[in-house]
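Note sheet for the following structure.
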Amino acid sequence: MIVNILAIAALELRLGIRNRWVILSVLILTLFAGILALVGSAPTGTVGVDRLTVTAASLATLSVYLVPLIALLLAFDTVAGEIDRGTLQLVLACPVSRFEILAGKFVGHLAVLSIAVVVGYGVSGAAVAFTSDGGFAGLGVLVRLIATSILLGAVFLAIGYLASALVRQTGTAAALAVGVWLVAVVLYDLGLLAIVVVEREGVFATTLFPWLLVASPGDAFRLFNLAMLGAAKTLTGMAGIAEALPFPPGVALASLIAWLVAAFAAAWFVFRRIEP
């Protein structure tokens, strides 16, 4: 099983490189991460926090928006594209199970995403470290950010596979992927914010709001990383939220893992029932 999964993953990685996905993803993340590294670390001297930690705090917000989008764009035609191109029958005729096919594609796409995150954030982090007095102080924060960004990307890869397995046309899958990104990353937070503004002192704001935040993969990622920043929380405006959470940061990390398992299991369940 592992050999088949790795073989499919290697094929998906080569396709990603051939389609310039790796290069494009690295350029996008490096560009935006570089801008945030230059602009976002300016106030470090007034609060006594090293620049690398503050840069990681800024990159956490970037990850919430860009990493899910890149993951969904990688995943949207995984199943629907095979159906639309008429190649799914050929794929299923190979001596591999459907789980191996889906898992192999997942590993390959995750490798593409991981290269983009590691290179994009690593270059920006190295530039900050070499140009600041603090050097590599705060390196652990950056490593944690990279690891959890890859985990966030894995969650949205699995969600993208589920969306792709639910439709049969590439165009429909692309539109659905964009819709998932808008709802999960943008509209969900706006909806929560609107309710909190209307009901500032009610049960929702005091009790339900933190749990609804951690129920979202993007917000769970952001809460975990920013809650672990220590003094740097002041720079992000998250100090009050992090201290008021009714659960430890590990719950947010567990939420991400639960999303990954549930989304991939759902994608596999739907994929098993597809008849080409």
Side-chain angles (χ1 to χ4, degrees), residues 1-22 24-25 67-117 147-181 183-185 217-218 220-221 254-276:
M1 176 185 290
I2 296 178
V3 174
N4 291 336
I5 291 174
L6 292 179
I8 296 171
L11 175 61
E12 291 296 330
L13 181 58
R14 287 196 297 270
L15 290 174
I17 295 174
R18 185 182 305 170
N19 293 332
R20 303 295 189 270
W21 261 113
V22 174
L24 180 60
S25 301
V67 171
L69 181 60
I70 293 174
L72 288 169
L73 291 178
L74 281 170
F76 77 88
D77 70 339
T78 298
V79 179
E82 299 282 4
I83 298 174
D84 207 8
R85 292 187 294 268
T87 57
L88 184 59
Q89 285 183 322
L90 179 61
V91 172
L92 296 179
C94 297
V96 292
S97 67
R98 297 198 182 201
F99 175 81
E100 291 171 342
I101 293 172
L102 201 63
K105 287 178 175 290
F106 177 82
V107 173
H109 288 152
L110 187 60
V112 172
L113 185 65
S114 298
I115 292 172
V117 172
T148 51
S149 294
I150 293 172
L151 176 58
L152 177 66
V155 170
F156 278 90
L157 278 176
I159 293 174
Y161 289 172
L162 175 58
S164 183
L166 290 172
V167 297
R168 303 183 72 87
Q169 289 83 31
T170 303
T172 306
L176 185 57
V178 174
V180 168
W181 181 81
V183 172
V185 177
F221 163 84
S255 174
L256 280 173
I257 296 173
W259 265 103
L260 172 59
V261 173
F264 189 86
W268 178 48
F269 178 80
V270 175
F271 184 49
R272 286 177 57 193
R273 295 175 174 272
I274 292 178
E275 295 296 334

Practice item. Applying ring-ring contact (aromatic ring centres under 6.0 Å, His included), name anything that partners Phe76, two or more places apart in sequence or on another chain. Key: none
Revision key, fill the gap. Residues passing the ring-ring contact (aromatic ring centres under 6.0 Å, His included) test with Trp268, sequence neighbours excluded, are Phe99
Check your understanding: For residues Asp77 and Thr170, is any side-chain donor paired with an opposing acceptor at under 3.5 Å?
Key -> no
Any side-chain heavy atom of [X] within less than 4.5 Å of one from [Y]?
{"X": "Leu110", "Y": "Leu157", "answer": "yes"}
{"X": "Phe221", "Y": "Leu256", "answer": "yes"}
{"X": "Leu113", "Y": "Ser25", "answer": "no"}
{"X": "Ile257", "Y": "Val155", "answer": "no"}

Indicate the atoms forming the closest heavy-atom contact of [X] with [Y], along with that distance.
{"X": "Ala158", "Y": "Ala267", "result": "O-CB, 4.1 Å"}
{"X": "Glu12", "Y": "His109", "result": "OE1-NE2, 3.3 Å"}
{"X": "Ala111", "Y": "Leu13", "result": "CB-CD1, 4.3 Å"}
{"X": "Ala71", "Y": "Gly153", "result": "CB-O, 3.4 Å"}

**Study point:** From CA spacing to verdict: side-chain contact (heavy atoms from CB on, under 4.5 Å), Leu72, Val180
**Key:** CA-CA 8 Å; Leu72 288 169; Val180 168; 4.2 Å; yes
Ignoring hydrogens and angles, tell me if any N or O in the side chain of [X] forms a donor-acceptor pair with the backbone of [Y] under 3.5 Å.
{"X": "Asn4", "Y": "Glu100", "value": "no"}
{"X": "Ser164", "Y": "Val79", "value": "yes"}
{"X": "Arg272", "Y": "Arg98", "value": "no"}

Exercise for review: Mind running side-chain contact (heavy atoms from CB on, under 4.5 Å) on Ile101 and Phe106 for me, showing each step along the way?
Suggested key: CA-CA 9 Å; Ile101 293 172; Phe106 177 82; over 6 Å; no
Exercise for review: Kindly write out the residues that satisfy side-chain contact (heavy atoms from CB on, under 4.5 Å) with Val270, not counting sequence neighbours, or none if the list is empty.
Suggested key: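 Applying side-chain contact (heavy atoms from CB on, under 4.5 Å) to Val270 gives Leu162, Ala165, Leu166.
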**Study point:** Gap between atom CG of Leu90 and atom OG1 of Thr87 - 0.5 Å precision
**Key:**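 If I round to the nearest 0.5 Å, the distance is 7.0 Å.
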Exercise for review: Enter the distance from Gln169:CD to Asp84:CG here, rounded to the nearest 0.5 Å.
Suggested key: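 Between atom CD of Gln169 and atom CG of Asp84 there are 6.0 Å.
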Practice item. Walk me through it: do Lys105 and Glu82 pass the test salt bridge (Lys or Arg N to Asp or Glu O under 4.0 Å)? Key: CA-CA 12 Å; Lys105 287 178 175 290; Glu82 299 282 4; 3.2 Å; yes
Check your understanding: Checking side-chain contact (heavy atoms from CB on, under 4.5 Å) against Val117, which of Ile150, Leu152, Ile70 comes through?
Key -> Ile150
Point to revise | Residues, nucleotides or ligands: over 12 heavy atoms within 6.0 Å of Trp181 CH2 | key: yes
Review point. Between Ile274 and Phe271, does a side-chain contact (heavy atoms from CB on, under 4.5 Å) hold up when you go through it step by step?
Key: CA-CA 5 Å; Ile274 292 178; Phe271 184 49; 4.0 Å; yes
